[in-house]
Amino acid sequence: MAVGVVMPKAGITVEECVITEWLKKKGDHVNVGDVLFTYETDKASFECESTAEGELLEIFYEDGDEVPVLTNVCAIGQPGDDISGLRGAGTETAAAAPEAASAPAPAAPASAPAAGGNMAQAVIMPKAGITVEECVITEWLKKKGDHVNVGDVLFTYETDKASFECESTAEGELLEIFYQDGDEVPVLAPVCAVGRPGDSIEGLKDGTAPAASAAVPAPAAAPAPAAAAAPAAGGHAAQTVIMPKAGITVEECVITEWLKKKGEHVNVGDVLFTYETDKASFECESTAEGELLEIFYQDGDEVPVLAPVCAVGQPGDSIEGLKDGTAPAAPAPAAASAAAAAAPAAQTAVPAPAAAPAATGPANPDAKVSPRARKTAGELGVDATAAAGTGPHGRIIEADVKAYAASAPAPAAVQQAAPAAAAPAAAAPAPAAAPAEAAPEAEYVDVKFSGVRRATAKGMTKSLSTMAQLTNCHSFDATAILALRKQIKANGEAMGMPNITLNDMILFAVSRVIKNHPDLNATMPEENVLRKYTHVNLGMAVDTPKGLFVPTIFHADEMSLAEISVEAKRVAKLCQEGKATPDLLAGATFTVSNVGSLGVEMFTPIINPPQVGILGVCGTITRIKEVNGEIKPYQAMPLCLTYDHRAVDGSPASRFMKELCSALENFSLLMMK
């Protein structure tokens, strides 16, 4: 049986991709990991690698074709393999493949099968980035002989950019480990073998494993006597959709909104709900097709990663134990078949009354509609399910909705025809409905913390409860720096400079002055240890619709004022758009929090552990001072330094503030250093 290679889903909102160039041609032999073709979305270009080994039997789409995501693009297998049913299919038919493959083989001799007749499964090294070619295993967390489940972390690995965890994609015994701690492993190469004791691992490491032979069936058991009554419905177990693990350190996610409701039909790839971590928001797509039988968690609930969130299956399927992982074993096939045979009889025993045509609702509730088509239908005010689907597997795509909208009858004509068809004969006048009483106004509304707010609350509480924090407040004469800022604003663009803000200037000054005070450009990774840094990685507090984010400007001490300004705006935009990566939100050695634009005159910022200091920047206020015997007003800017008194004493902290204020009062000279 040939297998299909599907068009990858290159982003949460991506529904179609365009093939730009095929790099392999029909008849070529391909290996797992070989680049088959390049493709692009409206945002970027990518390479699609083969997920199977064999001959490229058929190419379903050519250069320039627009292909729905998760749809088969080509077929790979052995010469003569059947490819019927693969064209236009995708993940929906892929799920049925194992069932077909598991059909009983012809009767075998009575002798027992040889050991190793079944083939173990390989767990491959993930591709942790488009340009990543090799990864280094840092530590194995499981050892040979251990039993592992799908989702168990097998080992940690790293690229030149970050560290990751590799989870098992198979369940069974860890039969063999092909690479050890410290080994450099090519991406998509088998790292270990998982299966049952006695399974063959021959050829798994080098990719030359023989094709699995037909399994020799076990001797048939004696037929059970026919039961007098049909077995209870629900003999089959539904499938669960689990909460994805959206980051190495993420342990829980918060469901923000369910987009499907109990009883609806869902397809593989349909977005079930949105969820968020403390860093970003995501969409969770269904990994199963059928009816949404049960929802285990509601909007606002915090769900552990890899925990079942809902159950999908056929009406009557059992969901017992799915939420807590204690689902009973599936019943014998004979019992399941009997239950299936009994279902039609039960349905025909009592005929259901004909339902009146609904005034509203989908024309075809079971129609498969792409998210983009559904959005377009909403914009055009038409029912997407009424369109004729021309996409793979009869799926309704955006073009189908537009074609239907162009030929659909006007809403007024439909509304005029509906009363005539629905008017009952000799209907009795309905009594006038009593006016509904106005609902009492709620005295309050409970709003659960978002993931970002929950993380902020946890971090701030930990900071104040584990540190000896003290705040010193100083101010400087901002007359000169305000004048310079005004001059840059008026003439900077003509000279090719970016829009320099007061915050950019303060970040620049901090990056220069703090190098003279290494006890503040430091962190406390553990008790009684102060880690001083060579370079200044400035954290910058950013207010976003989701809450407070603190991205890092790395090596700010090596940047010019213009470079700091550009980088500060870039990382702030990423945070406000919810696109900040975990790496961008870590690694700071000192933080600056500016609330001056909100009119704050004084505050006590809270340190972001494990840092030992944070600078709070306030708004300008008018003060007076004596100059040559005269009292003159001036614009003063207060600065508040909170520091960990375990690591820094009051005098060194005050010396830093004094030097910083002097540098800001003489900013033009500071830029010349």
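This is a predicted model, so every value here is computed, not measured. Values reported hereafter were calculated over all heavy atoms of this structure, with side chains retained and with hydrogens, waters and symmetry mates removed.
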Could you pull out every donor-acceptor pair under 3.5 Å between side chains of residues 167-174 and any protein atom, sequence neighbours left out?
residue : atom : partner : partner atom : Å
S168    : OG   : A170    : N            : 3.2
S168    : OG   : A170    : O            : 2.6

Checklist entry - Can you check side-chain hydrogen bond (donor to acceptor under 3.5 Å, both in side chains) on T581 and D583, steps first, answer last? => result CA-CA 5 Å; T581 63; D583 289 343; 5.3 Å; no
Next on the checklist: Going by the rule salt bridge (charged side-chain N to carboxylate O under 4.0 Å, His left out), which residues pair with D65 if we only count those two or more places apart in sequence or in a different chain?
Outcome noted: none
Checklist outcome for this item: When rounded to the nearest 0.5 Å, the distance separating CG of L574 from CZ of F549 is 11.0 Å
Checklist entry - If every non-hydrogen atom of I396 is compared with every non-hydrogen atom of G389, which pair is closest and at what distance? => result CG1-CA, 3.7 Å
Item to check | Min side-chain heavy-atom separation V148-V194 under 4.5 Å | outcome: yes
Checklist outcome for this item: dist K261:NZ -> L272:CG (nearest 0.5 Å) comes out at 13.5 Å
Checklist entry - Under the 3.5 angstrom rule, does the side chain of T461 hit a backbone N or O of K458 as a donor-acceptor pair? => result no
Next on the checklist: Suppose we screen for side chain to side chain contact (heavy atoms under 4.5 Å, CB included). Which residues come up paired with T274, at least two apart in sequence or across chains?
Outcome noted: T256, E257, L259, E283
Item to check | Distance-minimising heavy-atom pair for L204 and A193 | outcome: CD1-CB, 3.7 Å
Next on the checklist: When you compare the side chain of P244 with that of Y275, does any pair of heavy atoms fall below 4.5 Å?
Outcome noted: yes
Item to check | Which residues share a side chain to side chain contact (heavy atoms under 4.5 Å, CB included) with P545, sequence neighbours left out | outcome: none
Checklist entry - Side chains of T385 and D383: donor-acceptor distance under 3.5 Å anywhere? => result yes
Checklist entry - Would you say P551 and C575 make side-chain contact, with heavy atoms under 4.5 Å? => result yes
Checklist entry - Is there a donor-acceptor pair closer than 3.5 Å between any side-chain N or O of S463 and the backbone N or O of G459? => result no
Checklist entry - Should the pair D199-R196 be classified as a salt bridge under the 4.0 Å nitrogen-to-oxygen rule? => result no
Per-pair distances, 0.1 Å, donor-acceptor, side chain in residues 296-316, under 3.5 Å, sequence neighbours excluded:
residue : atom : partner : partner atom : Å
D299    : OD1  : W258    : N            : 3.0
D301    : OD1  : K448    : NZ           : 3.2
D301    : OD2  : Q298    : N            : 2.8
E302    : OE2  : R454    : NE           : 3.4

Next on the checklist: Could you work out, with side chain to side chain donor-acceptor pair (under 3.5 Å) as the rule, every residue matching K462, not counting sequence neighbours?
Outcome noted: none
Next on the checklist: Would you say that L57 contacts D81 through its side chain, given a criterion of any heavy-atom pair below 4.5 Å between the two side chains?
Outcome noted: yes
Item to check | V73 side chain reached by I19 side chain, heavy atoms, under 4.5 Å | outcome: yes
Item to check | Distance, nearest 0.5 Å, that separates CZ of F273 from CE of M243 | outcome: 4.0 Å
Next on the checklist: What I'd like to find out is whether the side chain of L585 reaches to under 4.5 Å of the side chain of T552, using heavy atoms alone.
Outcome noted: no
Checklist entry - Does a side-chain N-to-carboxylate-O contact under 4.0 Å join E294 and K323? => result no
Item to check | N72 (side chain) donor-acceptor with C74 (main chain) under 3.5 angstrom | outcome: no
Item to check | Separation of N608 CG from T456 OG1 (nearest 0.5 Å) | outcome: 9.5 Å
Checklist entry - Any side-chain heavy atom of P8 sitting closer than 4.5 Å to one from V69? => result no
Item to check | Any V271 side-chain heavy atom under 4.5 Å of C284 side chain | outcome: no
Item to check | Minimum-distance pair of heavy atoms, taken over all atoms of A384 and V401 | outcome: CB-CG2, 4.1 Å
